[in-house]
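Take a look at the structure set out below.
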Amino acid sequence: NVHTYGTYTATTSLTVRKSDSSSSAKICSIAKGTEVIAMSEYSSLDNGYAYVYIPDYEVYGWVLASYLAPAPSVKPGFSYKNFTIGMLARVKFNTPSHAGINMRSGPSSSYSKLCTLPEGAIIEIAGSYYSGNNGYIKVTYDHPHAGEVMTGWVLASYLEYYDFTY
């Protein structure tokens with residue numbers, strides 16, 4: 001079940017609806033195993049539904065929360081403070097204004113912006129988390145448009161643990 005923001009997987013095929021009701025209009029259907037991102041804190045007032053974003057379909061909608069399980073590629077409750085060199089991370093899907101996060105040349109917002117990492121971008125941790133870095137952590141990103149691997153600093157709190165091996 002969904003209890004908080006995060007990445008989940010559909011445990012069966014699901015209907016995505018426009019609101020939190022079985023009588024609401026159908027947006028689409030998703031297959032078992034489809035990854036969804038919970039966009040709000042789950043509430044019993046939502047009739048058993050969770051408001052989600054479905055990256056594969058690029059759609060927002062409501063699905064029955066009881067048919068969602070934490071995605072195996074994400075460790076629920078993993079703290080960004082536990083990132084170490086070589087780990088993979090993903091930019092969360094609930095960044096401010098859903099615009100992604102800025103990669104900077106140093107560990108604070110006063111450093112120049114190198115690029116914007118979109119929500120869902122997979123990055124590699126290039127330096128362990130250290131509280132003296134203003135909440136920033138050093139990462140590398142294989143930038144698809146620049147055609148190069150970029151190294152810079154991002155706010156660690158907008159990252160979640162990610163593992164391709166699952």
Side-chain angles (χ1 to χ4, degrees), residues 1-84 87-103 109 113 115-125 129 135-137 139-145 152-166:
N1 285 339
V2 175
H3 296 287
T4 187
Y5 297 96
T7 306
Y8 296 84
T9 303
T11 60
T12 188
S13 59
L14 292 172
T15 300
V16 180
R17 300 198 176 274
K18 287 193 176 201
S19 70
D20 60 352
S21 167
S22 61
S23 61
S24 174
K26 176 181 172 180
I27 296 173
C28 65
S29 293
I30 60 172
K32 177 181 179 180
T34 301
E35 190 174 89
V36 304
I37 312 301
M39 300 305 296
S40 64
E41 196 76 33
Y42 177 74
S43 166
S44 60
L45 301 175
D46 293 328
N47 301 316
Y49 283 77
Y51 185 64
V52 299
Y53 172 68
I54 302 126
D56 290 349
Y57 294 76
E58 296 183 353
V59 68
Y60 291 87
W62 294 84
V63 296
L64 283 169
S66 59
Y67 295 107
L68 298 177
S73 60
V74 175
K75 288 185 178 179
F78 181 87
S79 171
Y80 61 85
K81 294 177 181 178
N82 295 323
F83 278 125
T84 57
M87 284 183 157
L88 294 179
R90 179 169 61 182
V91 177
K92 292 180 179 180
F93 282 89
N94 58 349
T95 60
S97 75
H98 301 289
I101 59 173
N102 293 327
M103 178 187 275
S109 61
K113 176 181 158 184
C115 68
T116 299
L117 304 180
E119 292 182 330
I122 306 299
I123 58 177
E124 184 175 343
I125 303 300
Y129 181 83
Y136 283 73
I137 193 165
V139 300
T140 59
Y141 175 58
D142 191 356
H143 197 290
H145 301 297
W153 297 80
V154 299
L155 274 172
S157 59
Y158 290 121
L159 303 178
E160 61 187 356
Y161 175 87
Y162 195 76
D163 185 352
F164 279 123
T165 62
Y166 282 92

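FYI, the numbering just counts along the sequence from 1.
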From [atom1] ([X]) to [atom2] ([Y]), nearest 0.5 Å:
X    : Y    : atom1 : atom2 : value
Y67  : L14  : OH    : CG    : 8.5 Å
K26  : R17  : NZ    : CZ    : 8.0 Å
S22  : N47  : OG    : CG    : 8.5 Å
I125 : I137 : CD1   : CD1   : 4.5 Å
L159 : L88  : CG    : CG    : 11.5 Å
Y129 : Y136 : OH    : OH    : 11.5 Å

What's the shortest heavy-atom distance between [X] and [Y], and which atoms?
X   : Y    : result
I54 : E35  : CG2-O, 4.0 Å
L68 : A50  : CD1-CB, 4.3 Å
V91 : L117 : CG2-CB, 4.0 Å
E58 : Y53  : CA-OH, 3.6 Å
S29 : Y57  : O-OH, 3.6 Å

Salt bridge present between E160 and R90 (N-O < 4.0 angstrom): yes
List the residues meeting side-chain contact (heavy atoms from CB on, under 4.5 Å) with S23, not counting sequence neighbours, and say none if there are none.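 In terms of side-chain contact (heavy atoms from CB on, under 4.5 Å), with neighbours along the sequence ignored, S23 is linked to S21.
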Can you list everything that forms a side-chain contact (heavy atoms from CB on, under 4.5 Å) with I27? Sequence neighbours excluded, please.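 side-chain contact (heavy atoms from CB on, under 4.5 Å) check on I27 returns V16, K18, V59.
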Judged by atom type as modelled, is there a donor-acceptor pair below 3.5 Å linking the side chain of K81 to the main-chain atoms of S157?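 It does not hold such a pair.
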Short side-chain to backbone donor-acceptor contact, S13 and A31, under 3.5 Å: no
What residues form a side chain to side chain donor-acceptor pair (under 3.5 Å) with T116, not counting sequence neighbours?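 Here the qualifying residues are N102, K113.
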